[in-house]
Protein chains: 2
Amino acid sequence: MGGEGGGAGGGQAGAGRHVPGSLTHRVPDLGALELLLAVARLGSLGGAARELGITQPAASSRVRSMERQLGVALVDRSPRGSRLTDAGALVTDWARRIVEAAEAFDAGAQALRDRRDSRLRVAASMTIAEYLLPGWLVALRTQLPDTAVSLLAGNSTAVAERLLTDEADLGFVEGVSVPAGLDSVVIGHDRLVVVAAPGHPWARRRRPLAAAELASTPLILREKGSGTRQVLDAALGGLARPLIELSSTTAVKAAAVGGAGPSVLSELAVGEELTTRRLVSVPVADVALARDLRAVWPTGHRPTGPARRLLSLTQG
Amino acid sequence: MGGEGGGAGGGQAGAGRHVPGSLTHRVPDLGALELLLAVARLGSLGGAARELGITQPAASSRVRSMERQLGVALVDRSPRGSRLTDAGALVTDWARRIVEAAEAFDAGAQALRDRRDSRLRVAASMTIAEYLLPGWLVALRTQLPDTAVSLLAGNSTAVAERLLTDEADLGFVEGVSVPAGLDSVVIGHDRLVVVAAPGHPWARRRRPLAAAELASTPLILREKGSGTRQVLDAALGGLARPLIELSSTTAVKAAAVGGAGPSVLSELAVGEELTTRRLVSVPVADVALARDLRAVWPTGHRPTGPARRLLSLTQG
DNA sequence: CCTGCTCATAACCCCAGCTTATGTCCTCAT
DNA sequence: ATGAGGACATAAGCTGGGGTTATGAGCAGG
């Protein structure tokens, strides 16, 4: 059952150097990955080729060069079809994650492009636009393939304004207060979580952390003024002590994962890291770090049509 | 501020069609995305070009064509640098997820290629190899850039055998029993979770589900014989009733997200869907769905060197 | 034994993306 | 002012990966 590989010619013995030569040279492009997924699903190179609208030789050669690039045999060709190797199955699963991320990217980008004149105009806060909306859009697309969605990202006030001036059909905001003139429904919660690398002492902690303790410990934080920083400061009473201040959520995450220290981040931003245990969430006692995520619309104008459909996708 | 775009020429009015034309034509390739991240980080096209080892005109044209492709202005060029547009910032965040998935892919693929003659040979069960290992390898690479890691995926018995015949330095298995002749340490838990689409009645449920109730409800399941199916059957006493049987975890997830019905899946497989609320976890009362994830090694041969380093990355 | 499915190989074509060389615009220091 | 320097844009020309058509070769089943 091993992740078998073999095949794929001899060539360079030895180890895998960490060549700086960017990913592009070591990871097949999206087209190839999609092709691989299609082969996995259909069990045939030719079939996959047909599905992607290319010819069979093209598919054949593409898969072959992918195998050469990776140095691993991915599919077992036989005169009556192709099945994935064990290694191929693994690779395909990893590939699927790339493709899913690409689909989310595509859905988001498309919404960003089609501004006015779309059949569904959504206005959303940054956090929601960043982490949640692409997934919803991918789902919506399976239900309403022909609905053009446009996305406008901004803060709560901007979202409210767009709705009230009828420049958007549906809005999403985070925070406790609902802007005036809008009806809303809670669709989820954004919780700030205290996180640490698995090696950090706090990671083993079972007794919840007290607010005072959190406030007195230097943390890896976003710069002052950022949304999450504001919430944290408010929850602690303006006391958060920075260990380092970084200007992007990603940089903060990277520092925390690297063990530089504990941090406080939106659950949405670290969900992945938590389930794969690159970061561990630390229980907290008496600090209010939860915010509601709400869908909003102008009072009275209950969402209908595509807006209603999107709304139903987001609700529990 | 709004996800501003504008710029990028006039051209086709109209909506966003859901052209089947594969992702490749709508999502920039990895090279372009890396370039965008570099521009975001460095604040300059030329700087980014230098970092990626290409020339400034190449970077300039690449970014431009990316903007043309997406129909959104991504960077604000000025004679003293380039900053991201608001829309650009959003796009960059989505791009980052693709690139991270690609890095995991790369780390995994590299480990799959470098079989013997590597300085660290890891044997892992499928689930761990699929969901956890790539992340660990990415992290390990930052600590030990020159260590070649090889990965062999199989079931517990295969992992044990590799370790005992000195074909692997460190193993990872899931399950309750530790194969004979191996020492182990628990590094995490894999819990099967009952999941449903947000619209499903169970999604709103607060009272935990009883085992009997779960056993009597038709579920979307992997085919009989799969790992997760076995665990579930065992926990329920061989009683799980299938609504549909599908042959891949992905297919099951897709069906569940689509609202076909509730399902039971590994927490690792649905972590992402849970945090973005495409799926909701249903509380369960009296069913034992947790398995330990363990690192294992031959009794006595405590991991040292790179193996120890990897182990420490995985521990809480 | 032929029909029909699979995959492989060969010869050719095209365009995306690279390079080098040069131009424009702005800023800052002399 | 004026010239040096940084950052981006434009213009040529080259190259290779990925596509196409055309054809061959294994294996299954009527």
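Each chain gets a letter, A, B and so on, in the order its sequence line appears, and its residues count up from 1.
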* **Residue list, salt bridge (Lys or Arg N to Asp or Glu O under 4.0 Å) with B:E161, at least two apart or on another chain** => none
* Residue whose closest nucleotide on DNA chain D lies nearer the 5' end, A:R80 versus B:R80 -> B:R80
* Whole-Å distance separating the CG atom of A:D29 from the P atom of D:dG16 -> 18 Å
* **Separation of atom NE2 in A:H25 from atom P in D:dG16, rounded to whole Å** => 13 Å
Check residues 46-56 of chain A and write down every donor-acceptor pair under 3.5 Å in which the side-chain atom is one partner and the other belongs to a residue at least two apart or another chain.
{"unit_1": "A:E51", "atom_1": "OE1", "unit_2": "A:R41", "atom_2": "NH1", "d": "3.4"}
{"unit_1": "A:E51", "atom_1": "OE2", "unit_2": "A:R41", "atom_2": "NH1", "d": "3.2"}
{"unit_1": "A:E51", "atom_1": "OE2", "unit_2": "A:R41", "atom_2": "NH2", "d": "3.1"}

* Asked: Can you pull the contact range of chain A along DNA chain C, 5' to 3', using atoms under 4.0 angstrom from its heavy atoms?
  -> C:dT6 to C:dT9
Report, one pair per line, the protein and nucleotides 1-5 of chain D atoms (nitrogen or oxygen only) whose separation is under 3.5 Å.
none

* Please tell me if the side chains of B:R62 and B:D29 come closer than 4.5 Å, counting only heavy atoms from C-beta onward. => yes
* To do: Kindly write out the residues that satisfy side-chain hydrogen bond (donor to acceptor under 3.5 Å, both in side chains) with A:S266, not counting sequence neighbours, or none if the list is empty.
  => A:D190
* May I ask you to say what A:D76 touches in the nucleic acid, namely base, sugar-phosphate or nothing, with a heavy-atom cut-off under 4.0 Å? => nothing
Could you pull out every donor-acceptor pair under 3.5 Å between side chains of residues 130-139 of chain B and any protein atom, sequence neighbours left out?
none

* side-chain contact (heavy atoms from CB on, under 4.5 Å) partners of B:A40, counting only residues at least two apart -> B:L84, B:T92
* Short side-chain N/O contact to D:dC8 OP1/OP2 from B:S82, under 4.0 Å -> yes
* Asked: Taking only residues two or more places apart in sequence or in another chain, which ones pass salt bridge (Lys or Arg N to Asp or Glu O under 4.0 Å) with A:R96?
  -> A:D93
* Asked: With sequence neighbours excluded, what pairs up with B:Q69 under the side-chain contact (heavy atoms from CB on, under 4.5 Å) test?
  -> B:P28
* Between the side chain of B:E273 and the main-chain N/O of B:R278, is any donor-acceptor distance below 3.5 Å? -> no
* Asked: Counting only non-hydrogen atoms, which of residues 39-63 of chain B are less than 4.0 Å from DNA chain D?
  -> B:S44, B:L45, B:G46, B:R50, B:Q56, B:P57, B:S60
* Looking at residues at least two apart in the chain, or sitting in another chain, which of them share a salt bridge (Lys or Arg N to Asp or Glu O under 4.0 Å) with B:E245? -> B:R229
* Taking only residues two or more places apart in sequence, or in another chain, which ones meet A:S125 in a side-chain hydrogen bond (donor to acceptor under 3.5 Å, both in side chains)? -> A:E174
